[in-house]
Amino acid sequence: MQNYDTYNEFYLLKQRSTMPLNQLATAYVQLTLNINEHHTGYVDAYYGPKEWQQGLTKLPLTELAIEAERLYQQITELAAKNHTTSQTWQLRLHSLEANLRAAKTFIAHLQGHTLSFDQESLALYDAVSPHYGEADFDTLLGQLDTLLPSSVTFGSSATLNQRLNDFRSQFIIPKQHIAKVFNAAIEKARELTAKHISLPVHENFNVALVTNQVWSAYNWFKGNSYSLIEVNTDFPIYIDRAVDLACHEGYPGHHVFNSLIEENLYLKNGWVEYCVYPLFSPLSLLAEGSANYGIEVVFDKKDRMTFEQNVLFPLAELDSSQVELYYQVLAVLHKLSYVDNMVARRYLDAEITHAQAIELLMKYALSDEKKSQQRLKFIEQNRSYVLNYNLGQDLTKAYVENQLAQVLPANATPLQVIDLRWQILTDLLRNPRCASMLK
């Protein structure tokens, strides 16, 4: 995109709708960039004009709070006066309003105003996670206890956690094979995704192996349909994570999501607010949720098992003789994903101590102490963000499947079902909705 000297020059040329909304959107981008001066990492991706980032002065949080409130009041007034029946127009207004509400909340957080877990998640991500307790997960632990063999390493006194980690150890990708296994998985995910989504011609990515991070992998979207995908090798990477990460970070996950938003909303529609992606905003629920849901859209259970056993296991030089049991164990572990939300809510609301949080993660998320420490650091750093992965996935799946049920012909073939599901998901990626708009 060509660079322009000022916001006004850019928008006199790029406007697609009434000037007041475009001016609000432009001011929102400037506000977001200024918040990032106080919390590096608030801006997850930016691909607007470079000069908008240059020469930023670190404005006081009090000034940013006043500006955020002013913009929020203006967008709510604009939304109240809007009587158009255009779904696209309503989508833009509602999304910008929700993003400004989140910006206000995050500035207040930086000023030391802490909300409860549920209040924070509603203000930042437009959603509240279901409340679960230990009793909701005890049955799943019982299922794992029945499935898992005895531990060779820890003997007859082994805990369930030790038995699980002992069993899973035979499915760890050796470090020397991580790159080729991950590359094979992402190329397959790209091939399958490209059959259903028209990707930008020049889209591309690079993969880097890193250490010393609180996350397992990260997509750094750089704009112009290019991503840097980093994979953290601090902890063992299990063979099933190759497909998970390939889809979640790449296809049809974050890389595709960001590329389609850039192409459709920013470049085509000229909606400037979409040249920046603040991490702690409603967009993250759909970003993480669609990235997780996209895994099962790309690979049905049978095709995934075939691909992993025939391609990834040999590349990793792993024995697949117990893979059937492994998949049964993974299915139960997936149902334990809301443990993170339970622990994060109690810990951030000061209902439990650091030690008790680690104990709960070890018991119910079945991670060892070191991995549990890493997970709690993620929670401390990102707070209620954890619900975007599981609740985001559930809301995204429910939305797509509900839309599918409304348009599916009575005599639809399996291929028609697949095609329609992809069409609905693609439209959602091109025109993202907040959580309250997914219902």
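Everything numeric in this text was worked out from a predicted model, so none of it was measured.
- Under the 4.0 Å criterion applied to side-chain N and carboxylate O atoms, Arg190 and Glu203 are assigned as salt-bridge partners.
- The line from CE of Met362 to OG of Ser367 is 7.0 Å long, rounded to the nearest 0.5 Å.
- Counting heavy-atom neighbours within 6.0 Å of Lys104 NZ, excluding the residue itself, gives a total above 12.
- For the 3.5 Å distance criterion, the side chains of Glu308 and Tyr327 qualify, holding a donor opposite an acceptor.
- The only member of Phe221, Trp52, Tyr226 that meets ring pair (Phe, Tyr, Trp, His ring centres under 6.0 Å) when paired with Tyr47 is Phe221.
- Tyr293 and Glu401 share a donor-acceptor pair across their side chains, judged by distance under 3.5 Å alone.
- Donor-acceptor pairing under 3.5 Å is recorded for the side chains of Asn165 and Asn161.
- Aromatic ring centres of Tyr385 and Tyr125: separated by under 6.0 Å.
- Using modelled atom types and a 3.5 Å distance limit, the side chains of Glu77 and Gln73 yield no donor-acceptor pair.
- Ring geometry for His39 against Phe280 counts as perpendicular: the plane angle is over 60°, on a 0 to 90° scale with 30° as the lower cut.
- A donor-acceptor pair under 3.5 Å is formed between the side chain of Asp234 and the backbone N or O of Asn212.
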Note to self: salt bridge (Lys or Arg N to Asp or Glu O under 4.0 Å) for Lys335 and Asp136? Distances and angles first, verdict last.
What the structure shows: CA-CA 10 Å; Lys335 297 176 183 178; Asp136 296 298; over 6 Å; no

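- Contact check on Lys377 versus Glu380 returns no salt bridge, with no Lys/Arg side-chain nitrogen under 4.0 Å from an Asp/Glu carboxylate oxygen.
- One finds the OG atom of Ser129 at 10.0 Å from the CG atom of Asp340 (value rounded to the nearest 0.5 Å).
- Summarising the geometry of Ala102 relative to Pro282, their closest heavy-atom pair is CB-CD, 3.8 Å, with the distance given to 0.1 Å.
- Between the side chain of Asn219 and the main chain of Glu249, a donor-acceptor pair closer than 3.5 Å is present.
- Using a 4.0 Å cut-off between charged side-chain N and carboxylate O, Arg345 and Glu351 make no salt bridge.
- Taking the six-membered ring where tryptophan is involved, the planes of His354 and Tyr347 are perpendicular, since the angle between them exceeds 60° and thus also 30°.
- Looking at Glu288 and His254, their side chains do bring a donor and an acceptor atom within 3.5 Å of each other.
- Glu296 has no carboxylate O lying under 4.0 Å from a charged side-chain N of Lys301, or vice versa, which leaves the two without a salt bridge.
- Ion pairing between Arg346 and Glu359 fails under the 4.0 Å rule for side-chain N and carboxylate O.
- For the pair Arg433 and Tyr399, the cation-pi test (distance below 6.0 Å, angle within 45°) is failed.
- In this structure, the side chain of Gln53 does not engage the main chain of Leu33 through any donor-acceptor pair within 3.5 Å.
- Panel note: side chain Asn99, backbone Ser95; a donor-acceptor pair is recorded below 3.5 Å.
- Checked by atom type and distance alone, the side chain of Asn36 pairs as donor or acceptor with a backbone atom of Gly41 at under 3.5 Å.
- Aromatic ring orientation, Tyr218 versus Trp215: tilted (interplanar angle from 30° to 60°).
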